[in-house]
Amino acid sequence: MLGVFSSSIVSPPEELVAAGCRTPSSKITADALVKRFLEINSSAVSMQIGDHVQFAYSHHKESALQPRLFAAKDEIFCLFEGALDNLGSLKQQYGLAKSANEVILVIEAYKALRDRAPYPPNHVVGHLSGSFAFVVFDKATSTLFVASDQFGKVPLYWGITADGYVAFANNAELLKGACGKSLASFPQGCFFSTAVGELRSYENPKNKITAVPAEEEEIWGATFKVEGPAVLAATE
């Protein structure tokens with residue numbers, strides 16, 4: 001799965017910008033990245049959302065235990081990969097039909113976060129149990145919300161393209177060819193929200209997240225780490 005967002009939606013993370021400057025490397029534009037995704041993934045689907053966002057996904061080489069899902073509802077678009085262990089109880093909590101799957105659940109959880117302020121984002125994501133990574137874009141508010149499970153069971157990466165778009169994908173090699181060293185693994189147990197304005201740990205929301213410059217031989221330009229002692233946030 002792939003999501004690319006212009007700087008009018010999300011400002012490129014300074015840590016990834018700095019990583020790319022330390023070790024200049026070849027990059028391609030966001031449009032070229034989406035084109036490359038479509039070329040290497042059979043039966044891939046792409047969509048332009050407004051002027052500043054593109055989504056693409058494919059079921060090519062998909063794991064039966066961690067399917068890739070896409071849905072759109074009320075101008076909220078979501079790419080999801082993985083499976084939730086507590087999907088049944090969450091469907092009851094959000095009043096969803098028995099047929100609802102993970103991607104619909106995430107959209108409804110995001111809507112609850114958006115419409116029931118001040119509803120802490122860490123509570124919304126903290127209730128999700130299982131293996132997952134997802135990218136949500138709310139076109140109505142131009143809000144981006146991204147999260148990964150606490151153990152990083154579903155890989156997710158982010159980087160900056162040649163034209164300054166921020167890209168999220170589950171394929172590190174794809175982003176490496178597009179973003180050069182302006183690339184990092186999205187930290188497990190964390191979420192990024194343009195409404196909040198920064199990257200945060202949903203398990204330890206008060207702990208600062210820092211980017212450690214990577215060694216020259218590493219694929220990444222930086223590694224994001226949650227500082228301080230682990231104190232699990234209450235999700236009840």
_I'd like to check the ring pair (Phe, Tyr, Trp, His ring centres under 6.0 Å) partners of F70; sequence neighbours left out, ordered by chain and number._
Y57
*Is the count of non-hydrogen atoms from other residues, nucleotides or ligands lying under 6.0 Å from E14 atom CD greater than 12?*
no
*Which pair of heavy atoms, one from A100 and one from L87, lies closest together, and at what distance?*
O-CD2, 4.1 Å
*Going from CD on Q92 to NZ on K98, what distance comes out if it is rounded to the nearest 0.5 angstrom?*
8.5 Å
*Could you grab the distance from atom OG of S63 to atom CD of E81, nearest 0.5 Å is fine?*
8.0 Å
*State whether a side-chain donor-acceptor pair under 3.5 Å links Y157 with N170.*
no
*asked:* Ignoring hydrogens, what is the shortest heavy-atom contact between L105 and L84? Give both atom names and the distance.
replied: CD1-CD1, 4.0 Å
_Are R114 and I76 packed together at the side-chain level, in the sense that at least one heavy-atom pair is separated by less than 4.5 angstrom?_
yes
*asked:* Can you confirm whether the side chains of S182 and K27 place a donor and an acceptor under 3.5 Å from each other?
replied: yes
*If every non-hydrogen atom of A71 is compared with every non-hydrogen atom of I107, which pair is closest and at what distance?*
O-CD1, 3.8 Å
*What is the minimum heavy-atom distance between A167 and L33, and which atoms define it?*
CB-CD2, 3.7 Å
*From E198 atom CD to C190 atom SG, the distance as rounded to the nearest 0.5 Å*: 11.0 Å
_Could you work out, with salt bridge (Lys or Arg N to Asp or Glu O under 4.0 Å) as the rule, every residue matching E102, not counting sequence neighbours?_
none
*Carboxylate-amine/guanidinium contact E108 K91, below 4.0 Å*: no
*Show your reasoning for whether ring pair (Phe, Tyr, Trp, His ring centres under 6.0 Å) applies to W158 and F5.*
CA-CA 11 Å; W158 57 339; F5 304 84; over 10 Å; no
_Side-chain heavy atoms of F77 within contact of V136, under 4.5 Å_ = no
*Look up atom OH in Y202 and atom NE2 in H127, then write down how far apart they are to the nearest 0.5 Å.*
12.5 Å
_Within the structure provided, determine whether L183 and L16 are in side-chain contact (heavy-atom separation under 4.5 Å)._
no
*State, to 0.1 Å, how close A147 and F191 come at their nearest heavy-atom pair, and which atoms those are.*
CB-CB, 4.0 Å
*Measure the shortest side-chain to side-chain distance between S7 and P12 over non-hydrogen atoms and say whether it is less than 4.5 angstrom.*
yes
*Which atom of S46 lies closest to which atom of V34, heavy atoms considered*: CB-CG1, 4.2 Å
*Kindly compute the distance separating NZ (K225) from OG (S201), expressed to the nearest 0.5 Å.*
15.0 Å
*Using distance alone, with no hydrogens and no angle criterion, decide if E227 and N207 have a side-chain donor and acceptor under 3.5 Å apart.*
no
*Any side-chain donor-acceptor pair under 3.5 Å between D31 and Q54?*
yes
*Intermediate values then yes/no, ring pair (Phe, Tyr, Trp, His ring centres under 6.0 Å), F192 and F145*: CA-CA 6 Å; F192 177 84; F145 191 93; 9.2 Å; no
*Is there a path of hydrophobic side-chain contacts, each under 4.5 Å between heavy atoms of I, L, V, M, F, W or Y residues, that connects L2 with V154?*
no
*Distance in Å, L174 CG paired with I40 CD1, rounded so as to fall on 0.5 Å steps*: 5.0 Å
